[in-house]
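Data first, discussion second: the structure below is written as structure tokens.
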Amino acid sequence: RIVLDMATSKIAVGKVAVAHNKGVEVPEGSLINPNGAPTRDPGVMYREERGALLPFGDHKGSGLALVAEILSGALVNGGTCTPPNQKKNTIQNNMLTIIIDPKFLGDADFFAKELGEITDYVKSARPAQGVDEVLVPGDPERISVVNRGRDGIPLDDSTWGQLLESARSVGISHEMASKMTEVLGTGSD
């Protein structure tokens, strides 16, 4: 049996409070100050202009990866990344999607209002040094859609060669594949 109990930050805010109360520093890479610079001072979370907890990784990331592998591999009967399921030059790539309709859990209008407010709040944060703007999940993909619609899909030569080989294996000539890419706006850089 596996139980994953974790904060989504590098360290839990409770551990920051304990460090602050003890007058000790937090581990490196746990916090940033209000200007986005790394700090080990837990006091940045208790001042008028607050810092922020940094997102997790390390052992929490590996725990989350294991749970994701179990849900998207074993639960959907697609197989996990165990050696018997690995084949040369292939990947295990399954997916589990969980769709939640807020109207079945409470007030959908309240959810929409809170979603808008927290998104605006997060995006209003001062960007870290060297970062142009604060993004939320989905923003990079929306930006990519615009850029790829305008500029096409960049592909390195190795990937392009693999795609051409896959096309050839199902009877699509190099010339036909190249014509398709002209229509779609994709191709090798």
Side-chain angles (χ1 to χ4, degrees), residues 1-82 91-148:
R1 173 170 108 153
I2 293 178
V3 176
L4 180 63
D5 178 6
M6 57 174 253
T8 56
S9 51
K10 184 89 171 189
I11 59 173
V13 72
K15 293 191 186 305
V16 177
V18 169
H20 180 64
N21 292 342
K22 285 182 171 181
V24 299
E25 294 184 322
V26 297
E28 192 72 43
S30 301
L31 297 173
I32 55 174
N33 68 23
N35 296 320
T39 183
R40 295 185 65 196
D41 173 16
V44 301
M45 297 301 292
Y46 302 98
R47 297 187 189 113
E48 174 106 10
E49 216 179 349
R50 295 174 80 180
L53 295 161
L54 289 174
F56 70 87
D58 303 330
H59 68 284
K60 293 178 183 181
S62 65
L64 186 59
L66 177 60
V67 169
E69 185 72 16
I70 292 165
L71 293 174
S72 66
L75 185 63
V76 302
N77 296 310
T80 60
C81 63
T82 58
I91 58 171
Q92 286 297 117
N93 191 9
N94 302 298
M95 183 175 149
L96 170 68
T97 302
I98 300 172
I99 300 170
I100 301 172
D101 187 337
K103 73 180 177 192
F104 291 107
L105 298 175
D107 184 335
D109 292 334
F110 176 81
F111 173 76
K113 178 179 111 10
E114 287 291 312
L115 178 61
E117 287 178 5
I118 195 167
T119 300
D120 292 344
Y121 175 68
V122 169
K123 291 180 76 66
S124 74
R126 189 176 327 149
Q129 296 169 352
V131 176
D132 294 332
E133 67 177 309
V134 174
L135 302 176
V136 295
D139 282 350
E141 292 79 9
R142 287 184 280 274
I143 292 167
S144 181
V145 165
V146 170
N147 291 343
R148 289 180 175 183

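Small disclaimer: the values here were computed from a predicted structure and weren't measured.
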>> Would you say that Phe56 contacts Leu64 through its side chain, given a criterion of any heavy-atom pair below 4.5 Å between the two side chains?
In response: yes
> How close do Pro42 and Tyr46 get, heavy atom to heavy atom, and via which atoms?
Replying inline: O-CD1, 3.3 Å
>> For Arg47, give me all partners under side chain to side chain contact (heavy atoms under 4.5 Å, CB included), at least two apart in sequence or on another chain.
In response: Asp41, Val44
> Closest approach of Gly29 and Leu54, non-hydrogen atoms and distance?
Replying inline: O-CD1, 3.3 Å
> Does the Arg40 side chain pair with the main chain of Val26, one donor and one acceptor, at a distance under 3.5 Å?
Replying inline: yes
> If you look at every heavy atom in Glu49 and Pro34, which pair is closest and at what distance?
Replying inline: O-CG, 3.1 Å
> What closest approach, in Å, do Asn94 and Ser72 show between heavy atoms, and which atom pair accounts for it?
Replying inline: CB-O, 2.6 Å
> What distance separates Asn147 CG from Arg142 CZ, expressed to the nearest 0.5 Å?
Replying inline: 13.5 Å
>> Distance check, rounded to the nearest 0.5 Å: Leu115 atom CG versus Asp120 atom CG?
In response: 9.0 Å
>> A side-chain contact here means heavy atoms from C-beta on lying under 4.5 Å apart; do Cys81 and Glu69 qualify?
In response: yes
> If you count the non-hydrogen atoms of other residues, nucleotides and ligands that lie under 6.0 Å from CD1 in Ile118, is the total more than 12?
Replying inline: no
> Are the side chain of Ser144 and the backbone of Pro140 linked by a donor-acceptor contact shorter than 3.5 Å?
Replying inline: no
> Between Arg50 and Met45, what is the shortest heavy-atom contact and its length?
Replying inline: NE-O, 3.0 Å
Hey, can you pull the donor-acceptor pairs under 3.5 Å for the side chains in residues 16-23, sequence neighbours left out?
{"unit_1": "Asn21", "atom_1": "ND2", "unit_2": "Ala17", "atom_2": "O", "d": "3.4"}

> Roughly how far, to the nearest 0.5 Å, is the NZ atom of Lys15 from the NZ atom of Lys10?
Replying inline: 14.0 Å
> Within a strict 4.5 Å, meaning less than it, do heavy atoms of the Val76 and Met95 side chains meet?
Replying inline: no
> If you look only at pairs with a residue in residues 97-115, which of them pass as a side-chain hydrogen bond (donor to acceptor under 3.5 Å, both in side chains), with sequence neighbours excluded?
Replying inline: Lys113-Glu117
> Would you say Leu53 and Leu31 make side-chain contact, with heavy atoms under 4.5 Å?
Replying inline: yes
> Of all heavy-atom pairs between Leu135 and Lys123, which one has the smallest distance, and what is that distance?
Replying inline: CA-NZ, 4.2 Å
